[in-house]
There are 2 protein chains.
Amino acid sequence: MKPTYLTRIPAAEAHIRATGERLTQPRVAMLATLMTADHAISHLDAVDALAKHHPMDRVTVYRVLEWLVTMGIAHRIAGDDRVWRFMLTAAKPNGKANAQHLQHAHFTCNDCGQTFCLDEVSPKLPVKVPAGFKTIDVDLKLRGQCAHCA
Amino acid sequence: MKPTYLTRIPAAEAHIRATGERLTQPRVAMLATLMTADHAISHLDAVDALAKHHPMDRVTVYRVLEWLVTMGIAHRIAGDDRVWRFMLTAAKPNGKANAQHLQHAHFTCNDCGQTFCLDEVSPKLPVKVPAGFKTIDVDLKLRGQCAHCA
DNA sequence: TTGCAGATGCAATTGAGTCGCAAATCAATT
DNA sequence: AATTGATTTGCGACTCAATTGCATCTGCAA
């Protein structure tokens with residue numbers, strides 16, 4: 001069954017505390033919200049989801065989301081509608097961010113519009129680039145129908 | 001050496017005439033401009049580039065670009081800055097759009113910001129998706145340093 | 001408890017992209 | 001060559017995600 005917001009609070013606090021940065025209510029609430037999502041959520045989705053338990057300013061949502069990205073806790077995905085969507089970066093068992101996650105795939109459903117992470121697809125992409133080009137980051141994006149809509 | 005705008009006009013006219021749609025000045029100018037670019041250009045880049053030889057309205061640029069995409073002559077790429085960039089779709093020797101081009105890779109340089117097409121990388125991507133998911137379109141995006149900036 | 005760097009809220013701004021509508025243009029037909 | 005009618009273009013106004021500036025508040029350490 002789906003995890004609820006409230007049950008994620010302690011884990012969210014621990015995760016933020018582990019960064020050594022300031023532990024603030026908006027950060028906890030935002031991270032707990034991300035933890036309950038099984039797909040990438042937009043800034044607006046986040047505002048709506050937070051409205052129930054911990055309403056906060058739109059701009060704060062932007063800034064907290066950006067902070068989570070710079071901390072490596074979340075990553076952002078460019079949607080076809082020019083809207084950023086955010087998702088937790090997969091963590092390794094020890095709690096550290098997964099470096100391999102930098103190179104991974106996303107699947108966006110043409111019907112429902114949801115975006116999912118496909119971690120299992122990614123790490124072994126053999127990508128050849130022309131001479132002189134240096135690859136730092138790889139992003140694989142699929143479009144189609146998700147299991148629910150097909 | 002780089003192709004110039006003027007030398008591309010005849011080819012652009014021929015290409016548009018081949019679609020069976022109306023041959024208009026903005027379409028010719030836009031296509032000729034795209035033909036001189038070796039990397040993906042934004043809507044604003046296009047407006048600036050056209051200003052010299054064939055100034056046209058911002059909105060017209062958007063619409064012509066969109067028309068070129070629906071015709072399969074160009075394709076659009078979502079940039080990390082939420083800006084669409086456009087590029088000619090590689091044509092096969094017979095002049096028809098290349099269907100395989102639908103599944104291909106882009107390389108964006110972190111330093112100069114230019115985006116290039118890597119047609120040779122793409123077609124044989126073995127992508128596994130979870131059960132029930134149906135892939136229709138694949139987009140591979142690389143980030144790093146291009147040959148010029150490295 | 002206090003001090004203050006860093007975080008948040010609010011209002012205003014930016015900038016890519018879109019919409020509606022009147023005027024202009026292309027091309028088919030006379 | 002002129003007419004006609006459907007498409008396109010230009011212009012203004014608009015939408016909406018995201019950002020910026022600044023005053024206020026808050027977490028944390030001394």
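All values below come from the heavy atoms of this structure, side chains included, with hydrogens, waters and symmetry mates left out. In what follows, chains are A, B, ... by sequence order, proteins preceding strands, each numbered from 1.
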Of the candidate nucleotides [options], which contains the atom at the shortest distance from the side chain of [X]?
| X | options | value |
| --- | --- | --- |
| B/P26 | C/dA16, C/dT18, D/dT9 | D/dT9 |
| A/D57 | C/dC10, D/dT19, D/dG12 | C/dC10 |
| B/T60 | C/dA11, D/dT9, D/dG27 | D/dT9 |

Rounded to the Å, how far apart are [X] [atom1] and [N] [atom2]?
| X | N | atom1 | atom2 | answer |
| --- | --- | --- | --- | --- |
| B/H54 | D/dG10 | NE2 | C1' | 12 Å |
| B/R82 | D/dA18 | CZ | P | 5 Å |
| A/E66 | C/dA7 | CD | C1' | 13 Å |
| A/F86 | D/dA18 | CZ | P | 7 Å |
| A/R76 | D/dT19 | CZ | P | 7 Å |
| B/Y62 | D/dT8 | OH | C1' | 18 Å |
| B/E21 | D/dT8 | CD | P | 6 Å |
| B/L68 | D/dT9 | CG | C1' | 15 Å |

Touch class at under 4.0 angstrom, heavy-atom based, for A/R27 against every strand present: sugar-phosphate
Sugar-phosphate, base or nothing in reach of A/V83, heavy atoms under 4.0 Å: sugar-phosphate
A/H53, NE2 atom: more than 12 neighbouring heavy atoms under 6.0 Å: yes
Comparing A/L44 and A/V59 on DNA chain D - which has the more 5′ nearest nucleotide: A/L44
Residue-phosphate contact under 4.0 Å: A/T24 side-chain N/O, C/dA7 OP1/OP2: no
Base of C/dT8 paired with side chain of A/R63 (donor-acceptor, under 3.5 Å): no
Side-chain donor/acceptor contact of A/R58 with base of C/dG9 under 3.5 Å: no
Test of ring centre spacing under 6.0 Å for A/H75 and A/H106: yes
Separation of A/T33 OG1 from A/F86 CZ (nearest 0.5 Å): 13.5 Å
First of B/Q25 and B/W84 reached from the 5' end of DNA chain C, by closest nucleotide: B/W84
Side chain proximity check, B/I73 to B/T19, heavy atoms < 4.5 angstrom: yes
Check: A/A78 main-chain N/O paired with A/K141 side-chain donor or acceptor under 3.5 Å: yes
